[in-house]
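One-based numbering, in listed order, for ligands and for the atoms of each. Since we're looking at a predicted model, the values are computed, not measured. Excluded from the calculations below are hydrogen atoms, water molecules and symmetry mates; all remaining heavy atoms, backbone and side chain alike, are included.
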Amino acid sequence: MIAQQYLDKWTNLHVLAIGEAMLDCYLEGTSNRLCREAPVPIVDINSLKDVPGGAANTAANIARLGASVSFLSVIGTDLEGDRLKRTLQERGISTHNLIASTQRQTLLKQRISSDSQLLLRCDRGSTENIDPQIENQLIENLNRLYPTCDATVISDYGGGILTPRIIQTIAQLQTQYPRTIVVDSKQLKNFQFVNITAIKPNYQQAIQLLEISALKGKERIQQIVDWGAKLLDLINTQLAAVTLDAEGAIIFERNNPPYIIPSHPTSNSQATGAGDTFVSGLTLALAAGAAGKLAASIASATAAIVVTQPGTTTCSLSALHQSLSGNQKLVVSRESLVTSIQEHRNWKHKIVFTNGCFDLLHLGHVTYLKQAKQLGDILIVGVNSDESIRQLKGANRPVNCLSDRLAILSALESVDYVIPFAESTPSELIKIIRPDIYVKGGDYTPEMLPEVPLIEELGGEVKILPYVSNISTTAIVNRIYQTFSKLPSI
Ligand SMILES: Nc1ncnc2c1ncn2[C@@H]1O[C@H](COP(=O)(O)OP(=O)(O)OP(=O)(O)O)[C@@H](O)[C@H]1O
Ligand SMILES: O=P(O)(O)OC[C@@H](O)[C@H]1O[C@@H](O)[C@@H](O)[C@@H](O)[C@@H]1O
């Protein structure tokens with residue numbers, strides 16, 4: 001629970017993310033024959049997916065973890081730049097502070113896979129330092145945004161954005177407006193005069209800085225435990241989180257022994273960008289006030305979520321809540337919902353679905369959920385997000401936040417899965433679940449429910465359960481208000 005308080009706090013934070021924006025493009029196909037010109041497979045591409053990569057992935061992680069983000073970077077005036085902007089806009093990230101330069105090519109990392117086996121990565125794009133004119137524009141943006149943000153995260157892939165003048169500007173701004181500032185950089189030494197809060201080198205970067213030779217596997221843990229503390233003085237920082245991929249992370253803080261955070265090793269060789277996710281979680285947790293070890297443990301939980309998925313991906317706030325709460329009934333992503341539904345279909349289970357706000361859970365809710373479960377084998381409950389409730393019921397609602405409502409519903413024996421949704425109707429969830437039975441309480445009639453035609457089209461049945469009279473959340477809120485507003489304040 002302690003960790004989760006910081007998650008709630010950071011949703012009010014505004015983070016400045018700066019570094020190399022990349023377009024990660026995934027071309028996926030199948031291959032049945034070899035090429036005549038050379039012994040290489042011919043891949044028939046059947047899907048193309050664009051995803052924000054590099055520093056854009058860090059910005060996307062900050063946004064998906066629930067904080068506001070201003071993203072500063074430089075791209076080209078090319079098609080790839082437009083595609084990259086679209087991926088950011090689709091994720092609700094403003095592209096106003098992305099500078100488009102006619103002199104540059106947008107960084108593109110194109111991956112080609114056949115039957116989920118990665119065959120090739122083709123890179124393209126400008127990596128030389130940005131020219132002085134673009135540098136001036138970036139400095140203008142930095143001067144404008146830095147004082148308004150709560151924290152800064154730097155994702156420096158050595159692709160020409162973090163020039164000496166840009167780093168010098170950040171150092172000056174940091175002196176004038178001290179902020180939480182976390183750096184993930186291929187050239188960490190360049191940041192030693194910036195007064196940074198934390199650094200996140202991976203193993204390669206750490207051994208390079210420490211000038212020690214590379215070891216393999218678990219041997220790396222003791223090596224970094226022995227040498228890592230030196231990083232604090234080398235870069236002049238308060239905290240160093242050295243990430244060791246499958247071996248987790250080791251945290252160094254001044255006057256504290258090293259702290260090892262193990263990972264749950266995963267064999268997913270196609271996961272990439274876990275470092276971006278880690279540094280996003282670390283920045284948010286530190287900016288929200290978490291102490292070093294706890295902040296790094298939260299960061300590690302975010303990375304653990306993305307490494308189970310292929311490709312460049314982000315960790316959502318609800319997935320992190322679920323992971324930290326250990327709630328097995330909470331389904332955090334639509335992808336895992338698809339998997340769970342498939343399993344129940346294989347077992348020929350009858351699936352019942354309902355949805356609602358479930359704010360201040362009361363006898364009416366509990367009775368109808370129990371009856372709903374009796375109609376089938378599995379009861380899935382879609383739960384409105386806080387924002388969707390505010391839109392439906394007014395600014396004072398909900399009384400209980402989403403994470404509390406999810407935890408309370410999960411404690412009911414009748415409920416098998418809870419899944420949050422932010423849309424105004426549960427239609428998207430219904431399309432995935434294709435419930436055998438869709439249930440609502442007796443305060444509704446089928447005519448009031450926009451979901452009914454969809455359910456019927458998908459072959460399901462709609463059932464309205466009896467209404468437990470005189471019990472509702474609104475009635476409880478009114479009763480509390482009337483009772484307590486008459487009492488003298490204590
Ligand atoms: N194979 C894995 N199994 C389990 N956890 C992993 C694995 N790879 C990475 N992680 C988690 O992700 C964190 C960051 O990973 P890593 O050290 O690979 O960073 P990175 O090199 O900066 O990553 P990337 O370049 O892919 O963004 C690790 O500390 C660990 O928690
Ligand atoms: O540094 P190089 O290898 O040139 O480019 C970065 C890539 O390796 C990948 O890095 C990962 O962390 C992610 O940021 C991912 O989005 C990105 O494509």
Close approach of K200 to ligand 1, heavy atoms, under 4.0 angstrom: yes
Using a strict cut-off of 4.0 Å, indicate which atoms of ligand 1 neighbour a heavy atom of [X].
{"X": "S263", "answer": "4 (C), 5 (N)"}
{"X": "L244", "answer": "17 (O)"}
{"X": "D276", "answer": "27 (O)"}

Considering only heavy atoms, which of [options] lies nearest to [atom]?
{"atom": "atom 17 (O) of ligand 1", "options": "T272, T312, T243", "result": "T243"}
{"atom": "atom 14 (O) of ligand 2", "options": "D276, N57, L108, T313", "result": "D276"}
{"atom": "atom 27 (O) of ligand 1", "options": "G281, A301, G275", "result": "G275"}
{"atom": "atom 29 (O) of ligand 1", "options": "G53, A299, G54, G248", "result": "G248"}

Would you call [X] and [Y] a side-chain contact if the rule is heavy atoms closer than 4.5 Å?
{"X": "V51", "Y": "N57", "value": "no"}
{"X": "C25", "Y": "R83", "value": "yes"}
{"X": "Y26", "Y": "T312", "value": "yes"}
{"X": "R104", "Y": "I134", "value": "no"}
{"X": "Q103", "Y": "D131", "value": "yes"}

[X]: numbered ligand 2 atoms lying under 4.0 Å from its heavy atoms:
{"X": "K186", "answer": "1 (O), 2 (P)"}
{"X": "T312", "answer": "16 (O)"}
{"X": "G53", "answer": "16 (O)"}
{"X": "D24", "answer": "15 (C), 16 (O), 17 (C), 18 (O)"}
{"X": "Y157", "answer": "1 (O), 6 (C), 10 (O), 11 (C), 12 (O), 13 (C), 14 (O)"}

Protein heavy-atom partner closest to [atom] - residue, atom, separation in Å:
{"atom": "atom 4 (O) of ligand 2", "answer": "K109 NZ, 2.9 Å"}
{"atom": "atom 11 (C) of ligand 2", "answer": "T272 OG1, 3.4 Å"}
{"atom": "atom 3 (O) of ligand 2", "answer": "R121 NH2, 3.1 Å"}

Just to be sure I read this right, does ligand 2 sit under 4.0 Å from the backbone of E20, its side chain, both, or neither, counting only heavy atoms?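 Under 4.0 Å from ligand 2, E20 contributes no heavy atoms.
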Under-4.0 Å heavy-atom contact with ligand 2, by part of R111 that carries it: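 Within the 4.0 Å criterion, R111 contacts ligand 2 through side-chain atoms alone.
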Neighbour count >12 (heavy atoms, 6.0 Å) for atom [atom1], [X]:
{"X": "R434", "atom1": "CZ", "answer": "no"}
{"X": "E128", "atom1": "CD", "answer": "yes"}
{"X": "K329", "atom1": "NZ", "answer": "yes"}
{"X": "Q133", "atom1": "CD", "answer": "no"}

[X] and [Y]: side chain donor to acceptor below 3.5 Å:
{"X": "N129", "Y": "T163", "result": "no"}
{"X": "E140", "Y": "N136", "result": "no"}
{"X": "N61", "Y": "R64", "result": "no"}

Regarding ligand 1, does [X] bring an N or O atom to under 3.5 Å of one of the ligand's N or O atoms?
{"X": "F278", "value": "no"}
{"X": "Y157", "value": "no"}
{"X": "D184", "value": "no"}
{"X": "A304", "value": "no"}

Hey, is G54 one of the residues with a heavy atom under 4.0 angstrom from ligand 2?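 Checking ligand 2 against G54, which is what was asked, there is a heavy-atom contact under 4.0 Å.
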Taking 4.0 Å as the limit for heavy-atom contacts, which would you say applies to V307 with ligand 1: side chain only, backbone only, both, or neither?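 The answer is the side chain.
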Scan V306, I305, L282, T58 and name whichever one has a side-chain contact (heavy atoms from CB on, under 4.5 Å) with T277. V306
I'd like to know if R254 pairs up with D233 as an ion pair, taking the criterion as any Lys NZ or Arg NE/NH1/NH2 lying under 4.0 Å from an Asp or Glu carboxylate oxygen.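 Here R254 pairs with D233 in a salt bridge, since their nearest N and O are under 4.0 Å apart.
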